[in-house]
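Let me begin by presenting the structure, written as structure tokens, before commenting on it.
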2 protein chains.
Amino acid sequence: MIKTRDADSHTKEKIFMAASEIFEEKGHSGARMQEIADRAGINKALLHYYFRSKDQLFKAVFVVLMKKMFAKIISIMKEDMTFKEKIKKFLDEHIEFMIKNPKLPLFLLSEISQNPEFSESISETVRLRDLKTMLYEQHAKELKGYGIKKSDMSQLMVTIVSFSVFPMAAYGMISVLMPEFRERKKFNEYMRERKEFASGLLFAALKNRKK
Amino acid sequence: MIKTRDADSHTKEKIFMAASEIFEEKGHSGARMQEIADRAGINKALLHYYFRSKDQLFKAVFVVLMKKMFAKIISIMKEDMTFKEKIKKFLDEHIEFMIKNPKLPLFLLSEISQNPEFSESISETVRLRDLKTMLYEQHAKELKGYGIKKSDMSQLMVTIVSFSVFPMAAYGMISVLMPEFRERKKFNEYMRERKEFASGLLFAALKNRKK
DNA sequence: GTCTATAGAAGGATAGAC
DNA sequence: GTCTATCCTTCTATAGAC
């Protein structure tokens, strides 16, 4: 049994997991190397052995979490379906994804806004051009028929994403305003109801514009 | 001329303004007392003279910014208008408010989510109960007529707020995905177009539900 | 009220033993 | 590969002169 190698990758993995959690919770500047080490059940020095510095550890985590977020969105947009089918599927899957990763959106929004420079290095990794091309194809094929101008596409996209992302990013605020949602189960129900609410709203609006 | 008193309140004000800016930009854990002092054009020791500790300075700022945000929302909701009029006015004024305070929403969302305990002490200050009562009155009077269930009220409210708040909070992300918006002027145009887009979407949807 | 100087704590990073 | 011990920088906070 190759003990060293097993231990090696296993430890690195443990550190990475711990770092993801802590960074997601507290952000880059709020996170402490000590706390990451504690959660990983290892020593502070090992963090530097595997990831040299806090910044590099953070970047490794950030890239993976960024991909995680967009992989979900892109995989759905890619599929060959009508616009309505895509919306339904997106709301369903993305809201379930958000429920499983509740800290993710606010973390990404915060860190990107504080570090736009290195977020750009990621835009290649995430293959965003594909996303745009797909959207414009869909527009040419189908959305014109709804009376949606090309210039409204970005409004529409931001709106659709906001249906699932915003309540999750605003969870803290929402649970202060509506204390019933401090119970996570109740809030998850709320999010699931949102699938119907959002598609209902969008489709009702489109119906009125359909030529 | 009472020089001491003038200087007193003036300095405190300067510190407070500087602190607001820095905290909004970098958050509690990212902000540095030194940087705040520099921006205020005074010495670090003076910060502690006026506000004892970083935490207390932060809390002072946080409460004011929180009120600033909600004052805007509540003042509009309070007025005696139909639901549609309120929506239109809200979108108009709140989007203009966001353009003037672009860092505010993400700051509040982030800090609340990291500090839910002391955010609750604020919920009294901000008079949120009033907001709820007003919403339920509007529902009883008018929204039932659109076929909106009482249980959908919170979905609707979150959605309306998200129209103006989400793109602002997601500005960093958006400007990575759509580089044309790195130009702030372009993005502000986008936000202003959003007034029409959002009310159009909402009203079209309501029209379909009107009995 | 405002400054300089400095204490004191915390956090990131490294050296060196095993 | 992992740990202990420690260095060094950064940051908050205070003491004390003016």
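Below, read A as the first sequence line, B as the second, and so on, with proteins coming before strands; counting in each chain starts at 1.
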What about A:Lys44, does its side chain sit under 3.5 Å from the base of C:dG12 through a donor-acceptor pair? yes
Of the candidates D:dT2, C:dG1, D:dT14, the side chain of A:Leu46 sits closest to D:dT2
Check whether any side-chain nitrogen or oxygen of B:Tyr50 sits under 4.0 Å from OP1 or OP2 of C:dT2, and answer yes or no. yes
Would you call the rings of B:Phe62 and B:Phe58 parallel, tilted or perpendicular, where under 30° means parallel and over 60° means perpendicular? parallel
Pairing residues for A:Glu93 by the salt bridge (charged side-chain N to carboxylate O under 4.0 Å, His left out) criterion, not counting sequence neighbours: A:Lys72, A:Lys89
Ring centers of B:Phe23, B:Phe107 separated by less than 6.0 Å: no
Interatomic distance, A:Glu13 CD vs D:dG1 C1' [rounded to whole Å]: 17 Å
Return the orientation label for the A:Phe51 and A:Phe16 ring planes: parallel under 30°, perpendicular over 60°, tilted otherwise. tilted
Sorted by number, residues from residues 19-43 of chain B placing a heavy atom under 4.0 Å from DNA chain C are B:Ile42, B:Asn43
Nearest-angstrom distance from the residue atom CD1 of A:Ile15 to P of C:dA13: 14 Å
Looking only at side-chain N and O atoms, does A:Thr11 come under 4.0 Å of OP1 or OP2 in D:dT2? yes
Where the side chain of A:Glu85 meets the backbone of A:Thr82, is there a donor-acceptor pair that is under 3.5 Å apart? yes
Step-by-step side chain to side chain donor-acceptor pair (under 3.5 Å) determination, A:Asn115 to A:His28: CA-CA 10 Å; A:Asn115 248 323; A:His28 178 279; over 6 Å; no
Check this one for me: any side-chain N or O of A:His48 less than 4.0 Å away from OP1 or OP2 of C:dT14? no
What nucleotide, of D:dT12, C:dC3, C:dT14, holds the atom closest to the side chain of B:Lys54? D:dT12
Between P on D:dT14 and CD on B:Gln56, what's the gap in Å once rounded to a whole number? 10 Å
Among D:dA15, D:dG1, C:dT14, the one nearest any side-chain atom of A:Tyr49 is D:dG1
